[in-house]
There are 2 protein chains.
Amino acid sequence: MPYSSEVAFEAAPFDVVEASRRVWLERWEPEAASGMAVFASILRSHQLLNEQVNDVMRRHGLTFARYEVLAWLGTDPDSARTLSWISKSLRIPPATVTDIIDRLELEKLVRRAPHPSDARTTLAVITARGRKVATDATHDLNTEVYERIGLSEPQRGQLVELLAQLRASGNEFDVERSSDVMEEVGTRGARARRGKRRPDVA
Amino acid sequence: MPYSSEVAFEAAPFDVVEASRRVWLERWEPEAASGMAVFASILRSHQLLNEQVNDVMRRHGLTFARYEVLAWLGTDPDSARTLSWISKSLRIPPATVTDIIDRLELEKLVRRAPHPSDARTTLAVITARGRKVATDATHDLNTEVYERIGLSEPQRGQLVELLAQLRASGNEFDVERSSDVMEEVGTRGARARRGKRRPDVA
DNA sequence: ACAGAATACTTCGGTTCCGTAGCAATCGTC
DNA sequence: GACGATTGCTACGGAACCGAAGTATTCTGT
């Protein structure tokens, strides 16, 4: 029997988060215990969902990292982003971006193009095939994972809200600039309507 | 300038979660959008905290995976666990457990010992040095990461609760058995008092 | 008491990912 | 308009991780 995939998901014999929390409460400060529980919960939840996500991705010949890049390229009005934009926005180390684009290029889902005005910079451009793969993968991801997460709509909203605060306070994204930049990142339709310049060249 | 460590944490230019959520709402079902936001939030939060955690771990010559195993070995009354217990409880694939124990053994933080009654089974036993390293790492982890998570105590509780429900519904741990098993996993003091047998041999 | 199933761990091969260092192009400053 | 600082990407090497197959031991049912 293979370790993951196919077979649903084998449960751990007990809740590691709650177990550690008790140990921490005995030995350390209460704030450390609650913080540990937060991190452990996030880690386990990520592990759980990530397995499901990657099972889907495997079927489409992708990893989540490659999918994420592909999906963002598909979102851009020009179907192109600079590698540094990818690195900064998705918080992927530059060397990893190179690896990811190498792989996507190998499979003809993306191609590299020179930047029109900056010779240091490389653009990643999604191909028609890449766009199709991204759409198919997203569809499966939605129906097999995202729509089946075991929380009600209000709970989902609450959870996203709490994590947004955690991320904001940890400086995960630039709270000041975020809403402005997001206008730039809008979809083709939205941007075409307003006729903005490309965010890449900013 | 190195990519991570030292430097606080370079913020992404905008909130990727909120940006994707808008794209999803335009193109897919609302339940898919909220589910995607849940996964993306968890992913980013994990990424954020994991960087901080691994910066601490690096200073102690560990990765989080190795630390986690070491910490659990330190928790056990007999300072020993079977490799399969580690694999099942922490949800680490068997081959990875072998790698992790290899590495910990190489650094004399742990040693392998034969199981007294089952020749198939190997025990990992924490050494005095391992115990010290685990304690030191935990101390730093608490003060530098866990105690500084940007949420109030009630918010932490709420977040942990929501994620527990998500994990339970995804069958991440065995809800039926969990509380029973957790008694077995208690700390030395608690177990010594009740004089239970070793959970390993179960 | 024995065959077949199940369990425990390791080996092997391969991928992914990332820290560091380096190179090339551009920018900022005087 | 030149020089140092910065930025953008890639090359390299290594670490972590894991799927699948293999070996040894124990358990189960008859």
Side-chain angles (χ1 to χ4, degrees), chain A residues 1-7 10 46-47 50-51 54-55 57-59 61-69 81-107 112-124 200-202, chain B residues 1-7 10 13 46-47 50-51 53-55 57-59 61-69 81-107 112-124 200-202:
Chain A
M1 184 180 75
Y3 174 73
S4 78
S5 39
E6 296 161 25
V7 184
E10 204 184 333
H46 178 250
Q47 199 175 41
N50 205 38
E51 272 183 49
N54 273 321
D55 284 348
M57 288 307 136
R58 223 185 320 268
R59 291 210 313 270
L62 293 171
T63 62
F64 183 76
R66 298 210 292 268
Y67 161 76
E68 201 181 12
V69 169
R81 295 283 187 193
T82 67
L83 301 200
S84 58
W85 183 93
I86 295 170
S87 176
K88 282 176 191 144
S89 301
L90 307 184
R91 305 199 48 78
I92 302 170
T96 305
V97 173
T98 296
D99 286 345
I100 288 173
I101 299 293
D102 279 353
R103 192 67 155 68
L104 290 174
E105 203 169 22
L106 197 71
E107 302 187 2
R112 280 186 170 83
H115 191 281
S117 65
D118 186 338
R120 293 170 304 179
T121 300
T122 306
L123 290 170
D200 286 320
V201 195
Chain B
M1 184 180 75
Y3 175 71
S4 77
S5 34
E6 299 162 23
V7 184
E10 203 183 336
H46 177 250
Q47 199 175 41
N50 205 37
E51 272 183 50
V53 166
N54 272 322
D55 283 348
M57 286 308 135
R58 223 185 320 269
R59 290 210 315 268
L62 293 170
T63 63
F64 184 75
R66 297 209 295 266
Y67 162 77
E68 201 182 12
V69 170
R81 296 283 187 193
T82 68
L83 301 200
S84 59
W85 183 93
I86 295 171
S87 176
K88 281 176 192 144
S89 304
L90 307 185
R91 304 198 50 77
I92 302 170
T96 304
V97 173
T98 297
D99 285 346
I100 289 174
I101 300 293
D102 279 354
R103 191 70 153 67
L104 290 174
E105 203 169 24
L106 197 72
E107 302 186 1
R112 278 185 171 85
H115 190 281
S117 64
D118 186 339
R120 294 171 303 179
T121 300
T122 307
L123 291 169
D200 286 319
V201 194

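All chains are named by letter (A, B, ...) in the order of the sequence lines, taking the proteins before the strands, and each is independently numbered beginning at 1. Model, not experiment: these values are computed from the prediction.
- For B:Ile100, the side-chain atoms get nearest to D:dC17 when compared with the rest of D:dT26, D:dC9, D:dC17.
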Walk me through whether B:Val69 and B:Ile92 qualify under side-chain contact (heavy atoms from CB on, under 4.5 Å). CA-CA 10 Å; B:Val69 170; B:Ile92 302 170; 4.1 Å; yes
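- Between B:His115 atom NE2 and C:dT7 atom P there is a gap of 16 Å when expressed in whole angstrom units.
- Residues B:Thr63 and B:Met57 fail the side-chain proximity criterion, which asks for heavy atoms closer than 4.5 Å.
- What separates CD1 of B:Ile101 from P of C:dT10 is a distance of 9 Å, to the nearest Å.
- Backbone-only engagement by A:Thr122 is indicated by non-hydrogen atom pairs under 4.0 Å involving sugar-phosphate atoms exclusively.
- Protein atom CG of A:Asn50 is 10 Å distant from nucleotide atom P of D:dC18, rounded to whole Å.
- At the heavy-atom level, B:Asp118 lies under 4.0 Å from the strands shown only through sugar-phosphate atoms.
- OP1 or OP2 of C:dC9 sits under 4.0 Å from a side-chain N or O of B:Ser84.
- Taking atom CZ of residue B:Arg59 and atom C1' of nucleotide C:dG19, one finds them 17 Å apart after rounding to whole Å.
- Note: CZ (B:Arg58) to C1' (D:dA15) measures 12 Å, nearest angstrom.
- Protein atom CD1 of B:Ile92 is 15 Å distant from nucleotide atom C1' of C:dC9, rounded to whole Å.
- In this structure, the nucleotide among D:dG8, C:dT10, D:dC17 sitting nearest to the side chain of A:Lys88 is D:dG8.
- Contact check, B:Arg103 against D:dA16: a side-chain N or O comes under 4.0 Å of OP1 or OP2.
- Taking 4.0 angstrom as the limit, A:Thr96 places none of its side-chain polar atoms (N or O) nearer than this to OP1 or OP2 of C:dC17.
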May I have the step-by-step check of side-chain contact (heavy atoms from CB on, under 4.5 Å) for B:Asp55 and B:Arg58, ending in yes or no? CA-CA 5 Å; B:Asp55 283 348; B:Arg58 223 185 320 269; 2.8 Å; yes
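- In the set D:dC18, D:dT26, D:dA11, the nucleotide with an atom closest to the side chain of A:Ala95 is D:dA11.
- Taking only side-chain nitrogens and oxygens, A:Arg66 never comes nearer than 4.0 Å to OP1 or OP2 of C:dT15.
- Side chain of A:Arg120, nearest nucleotide from C:dG19, C:dT26, D:dT10: C:dT26.
- The nucleotide whose nearest atom lies closest to any side-chain atom of B:Thr98 is, among C:dC9, D:dT10, D:dC18, C:dC9.
- The backbone N or O of A:Pro93 lies less than 3.5 Å from no partner atom in the side chain of A:Ser87, so there is not a single donor-acceptor pair.
- At whole-Å resolution of the value, CG in A:Asn54 and P in C:dT16 are 11 Å apart.
- Here the straight-line distance linking atom CZ of A:Arg103 with atom CZ of A:Arg66 works out to 4.0 Å at 0.5 Å rounding.
- The side chain of A:Thr63 sits closest to C:dT16 out of C:dT10, D:dC18, C:dT16.
- Of the candidate nucleotides D:dT26, C:dC27, C:dC9, C:dC9 has the atom nearest to the side chain of B:Thr82.
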